[in-house]
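Data first, discussion second: the structure below is written as structure tokens.
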Amino acid sequence: MKQDMIVVLDLGSKENAYLAREIRALGVYSEIHPHDITEDDLKALPNVKGIILNGGENRVVNGAEIDASPAVYNSGIPLLAVDHKGTEKWPADAGEKSKKLASFVFDTCKAEKNWSMDNFISDQIELVRRQVGDGRVLLALSGGVDSSVVAALLIKAIGERLNCVHVNHGLLRQGEPEQVIKVFKEELGANLIYVDAVDRFLDKLAGVSDPEKKRKIIGAEFIDVFKDEASKLSGISYLGQGTIYPDIIESGTKTAGNIKSHHNVGGLPEQLGFELVEPLKMLFKDEVRACGRALGLPASMVDRQPFPGPGLGVRCVGAITRDRLEAVRQSDAILREEFDKAGLAGKVWQYFTIVPDIKSTGIKNNSRSFEWPVVIRAVNTVDAMTATVEELDWNVLKKITARITGEVPGVNRVLYDLTPKPTGTIEWE
Ligand code: XMP
């Protein structure tokens with residue numbers, strides 16, 4: 001293994017993610033693990049040079065104060081216990097805090113500055129090979145950044161023993177299934193199966209308006225589709241996933257509540273019988289892109305905007321109907337086309353349209369119309385944890401508005417969402 005590691009143990013601090021990033025910024029790889037990590041799990045982590053017990057505001061869980069397991073205290077690995085129990089405290093001054101951190105990492109732990117994407121990839125390839133042995137891995141390849149990068153990494157690690165499955169759940173963007181097949185099957189030579197499951201998903205989602213229920217249905221249906229596909233293939237025992245660190249944080253850790261469940265993380269039933277392979281789960285979004293670049297993926301794939309697993313389903317707000325879903329898909333295609341023309345593609349982090357389940361009065365072809373509005377969302381962020389709104393050029397907005405109201409059936413109005421994250425999330429559901 002090529003990289004040293006500092007483990008941040010989650011004892012309820014909201015700063016854990018920032019601390020891990022600060023350690024990575026020092027040139028040393030860092031991962032966050034739950035406070036009750038077992039002896040076996042701790043031993044399985046490669047090259048752990050130090051552990052930071054990072055206590056914080058969420059240290060009391062279910063009325064009881066949590067502490068690290070004896071395995072941590074008995075590990076013999078250098079520890080820095082920073083918590084309101086008070087062995088140590090972070091200095092209030094940011095510069096002093098960085099000094100204390102660097103002194104622990106380099107003087108106490110003697111960690112080496114060897115965190116780089118190339119080393120990360122080579123370590124992950126080794127860890128995947130160790131985990132999988134000569135087994136086969138099934139991967140849901142949506143074509144988004146995360147699943148594309150994980151596919152490229154797994155192709156490097158295990159080659160044809162990776163079976164990619166591209167499920168068309170009817171919630172994909174215009175032209176997307178065709179593009180996934182072209183890039184992965186034709187260009188990268190992946191073992192790829194295409195599954196048309198449009199009716200299956202849309203029938204299950206009919207009449208369901210609660211966002212969490214929609215996500216759960218989509219997640220559960222995915223699992224069923226995979227089970228079906230896996231049963232047609234022999235010897236599959238692993239499931240590859242493009243889970244990244246923000247997915248894990250937002251789905252709730254042992255010390256923090258759930259913001260929303262990401263289908264990458266929640267809902268995998270025990271009976272599936274697959275062991276997960278998640279080589280990107282400790283990376284932030286910007287690091288996933290860097291990983292893709294280091295793996296040699298083309299910029300058009302690595303720099304493309306992220307797309308949620310539940311797809312257009314979370315942008316067809318409320319109960320999904322086929323006609324309103326089509327309005328989301330067509331308006332999204334127009335938006336992307338106009339962003340391309342205006343030179344904004346690749347500059348704005350994420351941009352898409354939303355069609356809420358409301359109608360308003362308007363005028364079309366000289367008569368009264370009563371139709372949906374399309375909402376445009378265009379945001380910038382580094383790690384998807386916070387986001388600001390792109391200050392779009394008025395003329396670009398006017399052109400997009402004219403095209404959407406002129407070309408998309410059932411739409412008579414266009415709105416621009418001015419809300420940063422927080423208070424809004426990036427998606428509307
Ligand atoms: P939010 O809406 O949480 O979005 O501010 C942050 C980023 O995550 C994407 N997102 C999802 N990705 N499954 C995913 O794989 C999901 O359920 C999901 N919900 C949001 C969102 O598009 C944005 O990039």
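One-based numbering, in listed order, for ligands and for the atoms of each.
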Intermediate values then yes/no, side chain to side chain contact (heavy atoms under 4.5 Å, CB included), Thr353 and Arg377 | CA-CA 6 Å; Thr353 59; Arg377 186 101 171 109; over 6 Å; no
Main-chain N/O of Leu172 paired to Arg329 side chain as donor or acceptor, under 3.5 Å =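 A pair under 3.5 Å: yes.
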Ala319 backbone acceptor or donor facing Arg324 side chain under 3.5 Å |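 At least one qualifying donor-acceptor pair exists.
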Using a 4.0 Å heavy-atom cut-off, which part of [X] comes near ligand 1: side chain, backbone, both, or neither?
X: Pro306; answer: side chain
X: Trp428; answer: neither
X: Lys285; answer: neither

Counting only nitrogen or oxygen atoms and a 3.5 angstrom limit, does [X] reach ligand 1?
X: Gln350; answer: yes
X: Trp349; answer: no
X: Arg315; answer: no
X: Ile426; answer: yes

Contact atoms of ligand 1, heavy-atom distance to Gly309 under 4.0 Å =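 Answer for ligand 1: 12 (N), 13 (N), 14 (C), 15 (O).
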With a distance cut-off below 6.0 Å to the six-membered ring centre and an angular limit of 45° from the axis, does Arg315 pair with Phe352 as a cation-pi contact?
-> yes
Does Glu371 come within less than 4.0 Å of Lys364, counting only side-chain N to carboxylate O?
-> yes
Hey, are Trp428 and Asp417 close enough side-chain-wise for a donor-acceptor pair under 3.5 Å?
-> yes
